[in-house]
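Every heavy atom of this structure was used, including side-chain atoms; hydrogens, water molecules and symmetry mates were not.
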Amino acid sequence: MLAGEGAERFADATGTELVPNETLVHPRERRRHERIRAQAEANHPSRSFRPGGADPQGRDTVGAVMRDATGTLAAATSTGGTPFKPPGRVGDSPLPGAGFYADAHVAVSTTGWGEAIAAVGLARSVRERVRAGDSAEAAARASLSRMHEQVRAPDGRGATGGCIVVTPEEAAVAFTTPRMARAWTDGTDARQRL
């Protein structure tokens, strides 16, 4: 994984054309940035995942877990990012065992406060509980509870988040955030929003 100057040096060495960073920022996002910048002191990253703290205009994590017709499991997680993150910050989304995990037994994608998720290895924690015999839902709920107890925001509240999990036999979702949009499909044209 490369970030910051190291990523730019790699791009230069491979002949990748660089553009000024400011050209990659959409005007809508620049306006949003300026709007919430005034509140930066009060907006610890954990606040977004508590009741009343979510920005309805924000861009959130998108996660996916799947089991194909042969039984192969996979997981993926992307992020909307954290406002005012330090330069070079790499959150939980690209970290196997934190933001996602998949093997032959379980696939997990997580969302929430990235530093807390990385600190407890949330996706790996779910995987270990499933391998120990917990159901997918019980494993996700117990892992989220452990994170809530072990990691505290500056205001003393426990960390919150969510998980989607699939095994060869079952699928589950669990979250401690105020809301978490989710949907599933069984491969037919029928889709269901949960």
Side-chain angles (χ1 to χ4, degrees), residues 1 44-51 53-54 58-82 85 89-187 191-194:
M1 180 184 319
H44 185 269
S46 64
R47 184 174 180 267
S48 297
F49 305 101
R50 295 195 311 253
R59 304 295 177 258
D60 295 322
T61 299
V62 175
V65 292
M66 60 80 60
R67 177 180 54 229
D68 72 11
T70 68
T72 301
L73 303 176
T77 304
S78 70
T79 185
T82 299
K85 62 186 177 237
R89 174 197 182 261
V90 176
D92 65 293
S93 294
L95 302 177
F100 72 98
Y101 186 89
D103 64 17
H105 307 285
V106 64
V108 183
S109 179
T110 71
T111 186
W113 176 23
E115 284 73 11
I117 290 170
V120 301
L122 186 58
R124 187 195 83 252
S125 175
V126 173
R127 185 258 187 212
E128 295 302 316
R129 289 176 183 277
V130 168
R131 295 294 291 142
D134 285 0
S135 70
E137 183 176 356
R141 290 189 185 286
S143 296
L144 287 165
S145 178
R146 178 177 158 259
M147 182 176 76
H148 183 77
E149 292 168 8
Q150 291 186 344
V151 183
R152 301 279 172 197
D155 66 4
R157 295 187 197 184
T160 58
C163 304
I164 54 175
V165 186
V166 67
T167 73
E169 297 82 28
E170 60 181 331
V173 62
F175 56 97
T176 55
T177 52
R179 59 180 170 58
M180 188 173 116
R182 61 247 185 237
W184 66 273
T185 182
D186 61 6
R191 289 178 177 79
Q192 181 172 344
R193 180 183 165 97
L194 300 173

Next on the checklist: Going by side chain to side chain contact (heavy atoms under 4.5 Å, CB included), name the residues that satisfy it together with D134, two or more places apart in sequence or in a different chain.
Outcome noted: R129, A138, A139
Checklist entry - Looking only at heavy atoms, which two atoms of C163 and V126 are closest? And how far apart? => result SG-CG2, 4.0 Å
Next on the checklist: How close do M180 and T111 get, counting heavy atoms only, and between which atoms?
Outcome noted: SD-CG2, 3.7 Å
Checklist entry - In this structure, which one of V166, T167, V173 forms a side-chain contact (heavy atoms from CB on, under 4.5 Å) with V65? => result V166
Checklist outcome for this item: Across all chains, not counting sequence neighbours, the side-chain hydrogen bond (donor to acceptor under 3.5 Å, both in side chains) partners of R141 are E137
Checklist entry - Nearest heavy-atom pair of S135 and V130: which atoms, and what distance? => result O-CG2, 4.3 Å
Checklist entry - Under 3.5 Å, is there a donor-acceptor pair between the side chain of H148 and the main chain of T160? => result no
Item to check | Spatial distance of atom CZ (R67) from atom OG1 (T72) [nearest 0.5 Å] | outcome: 11.0 Å
Checklist entry - When you look at L122 and L144, which way does the side-chain contact (heavy atoms from CB on, under 4.5 Å) test go after all the steps? => result CA-CA 7 Å; L122 186 58; L144 287 165; 3.9 Å; yes
Item to check | Rounded distance [0.5 Å steps], CG in D103 versus CZ in R131 | outcome: 7.0 Å
Next on the checklist: Nearest 0.5 Å, please: how far is OG in S143 from CE in M147?
Outcome noted: 9.5 Å
Item to check | Smallest separation among heavy atoms of R146 and S125, with atom names | outcome: NH1-OG, 3.6 Å
Checklist outcome for this item: Heavy atoms of P168 and A104 approach each other most closely as CG-O, 3.8 Å
Checklist entry - Do any N or O atoms from the side chain of T77 and from the backbone of G99 form a donor-acceptor pair under 3.5 angstrom? => result yes
Checklist entry - Can you check whether L95's main-chain N or O pairs, donor with acceptor, with D92's side chain at less than 3.5 Å? => result no
Checklist entry - Donor-acceptor pair, T110 side chain versus G162 backbone, under 3.5 Å? => result no
Item to check | Nearest non-hydrogen partners of A75 and Y101, listed with the distance | outcome: CB-O, 3.5 Å
Item to check | Selection residues 163-173 - residue pairs positive for salt bridge (charged side-chain N to carboxylate O under 4.0 Å, His left out), sequence neighbours left out | outcome: none
Item to check | Test item: side-chain donor near acceptor, R127 and H105, under 3.5 Å | outcome: no
